[in-house]
Amino acid sequence: MLKVAVRESSLKIPAKLKIDFQRTKNREHGDFATNIALALAKENERAPKEIADLLIKLLNSAKFTENLNEIGIKKIEVAGPGFINLFLEQQSRGQVINLILSNLENFGHSNLLKGQRINLEFVSANPTGPLHLGHTRWAAVGDGMARVLRAAGATVSTEFYINDRGNQMNLFAQSIINVAQNKPVPADGYNGEYIKELANQILTENPDFKKLTGEAAITKYREAGYKLQLSEQQQVLKDFRTHFDTWFSEESLYQDDFVNKVIEKYRAKGKVFTEEGAIWLRTTEFGDDKDRVLVKSDGAFAYFASDIAYYTSKRDRGFDLCIYLLGADHHGYIARLKAAAGCAGDDPEKNIKVLIGQMVKIIEAGAELKLSKRAGTIITLAELVEKVGVDAARYTLMRYPTDTPMVLDVDLLKKHTNDNPVYYVQYAHARICAMLRNAKDLSVTVLKHPIANQYLSLLGHEREIDLLSALSKFPEVVASSAQLLQPHRICRYLEDLAGIYHRFYNDCRVLPVGEEKVSELHQMRVTLSLATAQVIKNGLTLIGVEAPERM
RNA sequence: GCGCCUGUAGCUCAGUCGGAUAGAGCGAAUGCCUUCUAAGCAUUAGGUCGCAGGUUCGAUUCCUGCCAGGCGCGCCA
């Protein structure tokens with residue numbers, strides 16, 4: 001409609017025109033706003049305000065009145081330097097309630113990414129120790145991201161890559177053996193209480209291992225330690241409500257000569273060459289700063305050979321997009337992983353995305369806990385959860401964009417107060433549930449949808465308008481959260497929504513007081529509250545946090 | 001030396017595509033429970049958006065340089 005108006009306005013339209021048409025941040029600016037007049041100002045050499053006035057005059061002319069009424073526009077204003085603000089009719093704002101009540105747990109879901117098959121790999125720890133803080137961040141964010149992507153219609157498969165190949169597994173085995181025999185662990189070996197526990201457990205289950213020596217001992221201990229450690233990781237992640245569809249073993253890439261076949265495939269594309277006795281992949285062709293070794297001069301596979309094989313496996317299994325969530329210490333991998341996609345003939349911009357998560361620092365009792373594997377002072381996922389609980393841990397780790405380093409204050413998280421935003425959001429939900437229970441006792445019934453305009457237009461209080469506006473933003477938030485791969489947006493939205501509800505609750509009495517008769521406004525507000533609870537619950541579900549009915 | 005990330009209130013941090021008075025929580029001060037959960041609400045205080053240039057009608061946002069912090073730069077895995 002605006003477009004038509006502009007065309008009829010005889011204004012000059014610049015070749016490159018970028019127009020915003022978005023929801024406003026401030027209620028005083030109406031429900032929607034556009035900067036179109038500002039954008040047209042230069043080309044027409046007229047003040048933006050003048051242009052805005054002209055457009056509004058056109059829109060208000062008889063020609064458009066019918067259209068305006070149809071979409072529920074109440075008035076149009078010019079404001080500030082030339083923004084055009086649109087105000088909606090009361091009942092149009094209220095329609096979101098009908099939308100929520102008819103979609104329930106699916107409100108916010110969309111078909112935005114329908115048809116996309118996404119492989120989402122995260123955590124991917126070595127099975128040589130417990131999951132630590134860095135893994136924890138990704139466990140929360142990755143799981144949230146998967147849920148958000150699914151809500152946007154994508155088909156998502158979550159995957160954990162088990163680094164079960166190479167020297168470190170033998171070092172792991174040797175460390176257990178040494179500890180079992182009260183000898184110091186080898187240089188660069190694994191330390192910590194858990195190695196002792198593993199040794200004890202292995203010997204208890206397999207007393208005959210004591211007699212083993214040399215290669216046989218390494219193999220047996222390695223297998224037993226691997227099995228125990230992996231299942232420990234799996235249990236911890238399960239308790240953290242982080243689900244993996246696939247546990248993919250690096251070692252399995254070497255079955256049936258798969259890695260060699262992949263190298264030959266890359267060779268056929270002309271990206272593989274031999275130099276100084278080693279076999280290389282020409283990753284520099286796709287922006288890497290040096291080429292990478294696939295097979296070392298001693299004939300052993302380099303780690304990168306697994307990487308390209310793994311990527312190939314993902315593509316072979318039908319995924320359009322492979323997302324990797326890596327720690328900050330792996331940012332050097334972005335270029336080579338993208339190059340691996342490029343060398344395979346894929347589009348590095350489309351088929352692969354590598355996200356880097358910055359470090360997590362942890363503070364307890366006012367001091368930073370220095371993390372050191374060698375000293376055995378690692379904070380594990382299990383310990384963090386034990387200290388603060390799954391909901392608080394997940395929520396806090398998911399609350400920030402992953403490219404910001406974050407500081408976790410354990411003492412703060414332990415407090416069940418507003419210091420911890422997860423309780424603020426959960427409290428809003430519990431509060432509504434309590435009120436709905438009371439409503440039932442007072443026989444204030446929830447209105448059946450679709451709710452007629454006459455009821456919807458009862459919601460004219462500014463707190464009610466704020467709340468309706470916040471509720472109608474939810475689908476957009478989910479969509480942008482999925483598109484940008486930023487689940488933290490859900491958290492921020494929920495905090496915003498919870499705050500708006502709390503303010504509504506404070507200013508707008510929902511239930512009748514004393515002998516007061518039940519009115520349509522009471523019913524309408526109860527219904528509005530029910531819709532709000534639904535949205536909070538949907539949001540919390542997306543980040544894997546519980547929506548308690550009582551607190 | 002090169003590369004990636006970060007620098008916004010006392011603290012922890014939001015702020016997709018450049019837009020209206022830069023936001024939230026905590027911390028500080030003061031109010032609000034004989035009516036729906038006070039894990040709440042309201043008011044106040046607190047900012048040269050690291051610094052300097054540039055592009056633009058308009059820059060916290062984009063570009064360049066510099067400063068500070070974190071993390072990387074193996075034929076390790």
Side-chain angles (χ1 to χ4, degrees), chain A residues 18 20 22 24-26 28-29 33 35 38-39 41-42 47-48 79-83 85 126 128 163 165-169 171 188 250 275-280 289-290 292-298 300-304 306 327-335 356-359 361 363 396 399-409 412 415-421 423-424 426-428 430-439 441-442 444 480-481 483-484 486 488-489 491-492 495-496 498-499 501-507 509-514 516 522 525-526 529 550-551:
Chain A
K18 256 175 70 187
D20 281 344
Q22 51 192 202
T24 52
K25 289 173 193 157
N26 190 330
E28 287 166 28
H29 300 147
N35 67 342
L38 292 142
K42 197 177 185 191
F83 290 96
N85 296 334
N126 295 341
T128 54
N163 290 147
R165 197 171 172 277
N167 296 340
Q168 93 272 2
M169 291 307 295
L171 207 54
D188 298 323
E250 181 188 355
E275 200 175 287
E276 295 172 27
I279 298 174
W280 302 69
D289 47 8
K290 56 182 87 162
R292 303 292 166 180
V293 170
L294 293 172
V295 182
K296 297 183 267 185
S297 50
D298 66 1
F301 289 104
Y303 188 75
F304 190 52
S306 298
D329 51 344
H330 283 72
H331 73 252
Y333 283 71
I334 301 176
I356 295 298
Q358 294 300 320
M359 297 286 155
K361 264 203 275 189
I363 286 179
T396 309
R399 213 178 155 239
Y400 307 99
T402 51
D403 45 13
T404 36
M406 61 179 294
V407 179
L408 273 188
D409 187 329
L412 232 93
K415 282 196 257 171
H416 284 211
T417 68
N418 200 6
D419 301 5
N420 190 347
Y423 293 106
Y424 184 77
Q426 290 184 317
Y427 180 65
R431 199 179 209 189
I432 296 173
C433 291
M435 195 260 291
L436 292 174
R437 287 191 293 269
N438 297 338
D441 295 343
L442 294 170
V444 184
S480 68
S481 181
Q483 225 152 14
L484 299 167
Q486 296 182 334
H488 80 273
R489 285 169 186 277
C491 298
R492 300 295 169 163
E495 287 163 36
D496 197 40
Y501 186 81
H502 284 312
R503 285 189 280 280
F504 157 78
Y505 183 92
N506 223 259
D507 290 356
R509 174 77 203 186
V510 176
L511 298 177
V513 182
E516 194 185 350
H522 292 135
R525 284 182 171 166
V526 166
S529 299
R550 291 169 204 271
M551 282 173 83

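Each chain gets a letter, A, B and so on, in the order its sequence line appears, and its residues count up from 1. Predicted, not measured: the structure shown is a model, and the values here were computed from it.
Side-chain nitrogen and oxygen atoms of Ser306(A) include none within less than 4.0 Å of the OP1 or OP2 phosphate oxygen of A77(B). Taking 4.0 angstrom as the limit, His488(A) places none of its side-chain polar atoms (N or O) nearer than this to OP1 or OP2 of U16(B). In terms of phosphate contacts, Lys290(A) brings no side-chain nitrogen or oxygen within less than 4.0 Å of OP1 or OP2 of G3(B).
Atom-to-atom, NE2 of His331(A) to P of G70(B) comes out at 14 Å; the value is rounded to the nearest Å. In this structure, CE of Met359(A) is placed 17 Å from P of G69(B), rounded to the nearest angstrom. The nearest whole Å value for the distance from the CZ atom in Arg509(A) to the P atom in U35(B) is 9 Å. Atom OH in Tyr501(A) sits roughly 11 Å away from atom C1' in U37(B) (whole-Å rounding). Spacing between atom NZ of Lys296(A) and atom C1' of G74(B) amounts to 10 Å, rounded to whole angstrom units.
Comparing the P positions of G23(B) and U60(B) gives an interatomic distance of 13 Å, to the nearest angstrom. Of the C1' atoms belonging to A20(B) and A59(B), the separation is 14 Å, rounded to the nearest Å. On the C1' atoms, C2(B) is 44 Å away from U21(B), given to the nearest whole Å. Here the separation of A14(B) from A9(B), taken at their C1' atoms, is 13 Å to the nearest Å. Using atom C1' as the reference point in both G15(B) and C49(B), the two lie 11 Å apart (nearest Å).
Looking at Glu276(A), its side chain comes within 3.5 Å of the base of C75(B) through a donor and an acceptor atom. Between the base of A20(B) and the side chain of Asn85(A) there is a donor-acceptor pair shorter than 3.5 Å. Side-chain N/O atoms of Ser297(A) and base N/O atoms of C75(B) include a donor-acceptor pair closer than 3.5 Å.
The six-membered or imidazole ring of Tyr427(A) lies away from that of Tyr424(A), with a centre-to-centre distance of 6.0 Å or more.
The partner of G3(B), taking Watson-Crick or G-U wobble pairs whose two distances both stay under 3.5 Å, is C71(B). Within the shown strands, nothing qualifies as a pairing partner of A38(B) under the Watson-Crick or G-U definition with both distances less than 3.5 Å. Under the Watson-Crick or G-U wobble criterion, with both distances below 3.5 Å, A28(B) is paired with U44(B). Pairing for U60(B) is absent, judged as Watson-Crick or G-U wobble with the two contacts each under 3.5 Å. Partner assigned to C66(B) is G50(B), using Watson-Crick or G-U wobble distances below 3.5 angstrom.
Within the nucleic acid shown, Met406(A) comes within 4.0 Å of sugar-phosphate atoms alone, with no base atom in reach, counting heavy atoms only. As judged by a 4.0 angstrom heavy-atom cut-off over every strand, Pro512(A) is placed among residues making no nucleic acid contact. Looking at heavy-atom distances under 4.0 Å, Ala278(A) makes contact with a base. Contacts of Ala33(A) with the nucleic acid, taken as non-hydrogen atoms under 4.0 Å apart, include base atoms.
Base orientation of C33(B): syn, the glycosidic angle falling within 90° of 0.
Note that Arg431(A) lies in the cation-pi zone of Tyr505(A), set by a 6.0 Å cut-off to the ring centre and a 45° limit from the axis.
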Query raised in the report: What do the steps show when you test Leu436(A) against Val526(A) for side chain to side chain contact (heavy atoms under 4.5 Å, CB included), and what is the final call?
Result: CA-CA 7 Å; Leu436(A) 292 174; Val526(A) 166; 3.7 Å; yes
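Here the OH-CG distance, from Tyr303(A) to Asn167(A), works out to 13.0 Å after rounding to the nearest 0.5 Å.
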